[in-house]
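Worksheet for the structure shown next.
Quick note on labels: first sequence line is chain A, next is B, and so on, each numbered from 1.
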Protein chains: 2
Amino acid sequence: MCYSAGMENLATTFKALGDPVRLAILEFLKDPVQDCCSRSDGVCACDLEAFLGVSQPTVSHHMKILVQAGLIRAEKRGRWVYYSLNAEAFATVCRELEPFHEQPATV
Amino acid sequence: MCYSAGMENLATTFKALGDPVRLAILEFLKDPVQDCCSRSDGVCACDLEAFLGVSQPTVSHHMKILVQAGLIRAEKRGRWVYYSLNAEAFATVCRELEPFHEQPATV
DNA sequence: TAGACATATTGACATATATCTATGTGATGT
DNA sequence: ACATCACATAGATATATGTCAATATGTCTA
């Protein structure tokens with residue numbers, strides 16, 4: 001086999017990014033529409049449900065995938081879970097992509 | 001629905017990136033191991049087959065997905081098809097990700 | 001023209017994924 | 001305590017995806 005564990009990891013991250021519903025979730029987390037119970041430092045899942053137009057378990061499913069990929073953070077406060085972007089993870093993805101659009105090194 | 005056509009597009013690109021075999025292909029295109037018929041300005045599919053350890057139709061399938069996502073270019077010369085990275089596509093992906101790891105704008 | 005070669009397409013199959021309904025779990029408030 | 005609320009999990013189902021063997025297509029060469 002010619003691909004490493006790091007590659008599997010990166011693929012998992014891209015897989016998490018490869019769904020329009022999850023991209024919409026990330027956009028929402030970036031520019032939250034404060035609705036029922038979201039706060040300045042986080043967005044609750046119930047707001048996402050209304051925004052996305054999918055069922056609550058579906059939201060839960062997508063949030064789990066995004067958390068596992070490390071793209072967002074989840075923090076439980078009382079009965080709510082507040083989600084926020086993990087900026088560092090996005091920066092890492094960009095760094096991984098850099099070699100593919102930099103000027104080729106002169107050997 | 002709260003997500004746009006542009007989002008579908010971006011999701012397609014990430015989906016193309018979300019497979020370890022395809023990431024291995026991209027790595028190979030970045031740093032080709034010149035083997036049977038690859039050239040300085042492109043890599044042929046047969047070299048990939050040997051490198052990846054998957055069947056020829058599987059290589060063909062993955063190349064098609066990468067081409068459709070715009071991540072690589074295919075150029076047919078005689079009976080070979082030479083593939084190369086499309087650096088601009090990777091740069092675009094990075095630009096799309098930038099808002100997710102920049103400092104939040106002060107409103 | 002015939003055969004060999006590189007790649008694409010087709011069809012089959014197993015697995016993964018996205019979605020829902022129903023139900024479980026844990027916290028809050030009356 | 002009990003009902004309610006927010007979220008998670010389980011199970012079911014439809015669709016998508018990755019893979020291969022078999023075959024088709026197009027190109028070169030003898």
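- Residue whose closest nucleotide on DNA chain C sits further toward the 5' end, between B/Val59 and A/Gly18: B/Val59.
- At D/dC7, none of the side-chain N or O atoms of A/Ser60 fall inside 4.0 Å of OP1 or OP2 (strictly under the cut-off).
- Each of D/dT9, D/dT19, C/dT17 was ranked by its minimum atom distance to the side chain of A/Lys15; first place goes to C/dT17.
- Taking only side-chain atoms of B/Lys76, from C-beta outward, the nucleotide of D/dG26, D/dC7, C/dT7 with the closest atom is D/dG26.
- Side-chain N/O atoms of A/Lys64 include one lying less than 4.0 angstrom from OP1 or OP2 on D/dT9.
- Atom CG in B/Leu52 sits roughly 15 Å away from atom C1' in D/dC20 (whole-Å rounding).
- Between B/Glu98 and B/Arg95, no side-chain nitrogen of the basic residue sits less than 4.0 Å from a carboxylate oxygen of the acidic one, so the salt-bridge criterion is not met.
- Spacing between atom CH2 of B/Trp80 and atom C1' of C/dA8 amounts to 17 Å, rounded to whole angstrom units.
- Contact annotation: B/Thr58 side-chain N/O to D/dC20 OP1/OP2 distance is under 4.0 Å.
- One atom, CZ of B/Arg22, and another, P of D/dT17, lie 9 Å apart when rounded to the nearest Å.
- The side chain of A/His62 places no N or O atom within less than 4.0 Å of a non-bridging phosphate oxygen (OP1 or OP2) of C/dT17.
- The shortest distance between side-chain heavy atoms of A/Leu71 and A/Arg22 does not fall below 4.5 Å.
- Residue B/Gln56 places a side-chain atom within donor-acceptor reach of the base of C/dA8, judged by atom type and a 3.5 Å distance cut-off alone.
- The CZ-C1' distance, from B/Arg79 to C/dG3, rounds to 11 Å in whole Å.
- In this structure, the nucleotide among C/dC20, D/dT27, D/dC20 sitting nearest to the side chain of A/Val54 is C/dC20.
- In this structure, B/Phe90 and A/Phe100 have parallel ring planes: the angle between them is below the 30° cut-off, well short of the 60° mark.
- Looking at the side chain of B/Ile65, the nearest of the listed nucleotides D/dG18, D/dC7, C/dA18 is D/dG18.
- Rounded to an integer number of Å, the gap from B/Phe14 CZ to C/dT17 P is 17 Å.
- As rounded to whole Å, 16 Å separates atom C1' of C/dT17 from atom CG of A/Leu17.
- The nearest whole Å value for the distance from the CD atom in B/Glu75 to the P atom in D/dT27 is 14 Å.
- With A/Ser60 as the partner, the side-chain contact (heavy atoms from CB on, under 4.5 Å) test is satisfied by one option alone out of A/Met63, A/His62, A/Lys64, A/Gln56: A/Gln56.
- For D/dT9, neither phosphate oxygen OP1 nor OP2 lies less than 4.0 angstrom from any side-chain nitrogen or oxygen of A/His61.
- Separating the CG atom of A/Leu48 from the C1' atom of D/dC7 is a distance of 12 Å, rounded to the nearest angstrom.
- Classified by interplanar angle (parallel below 30°, tilted 30° to 60°, perpendicular above 60°), the ring pair A/Phe14/B/Phe14 is parallel.
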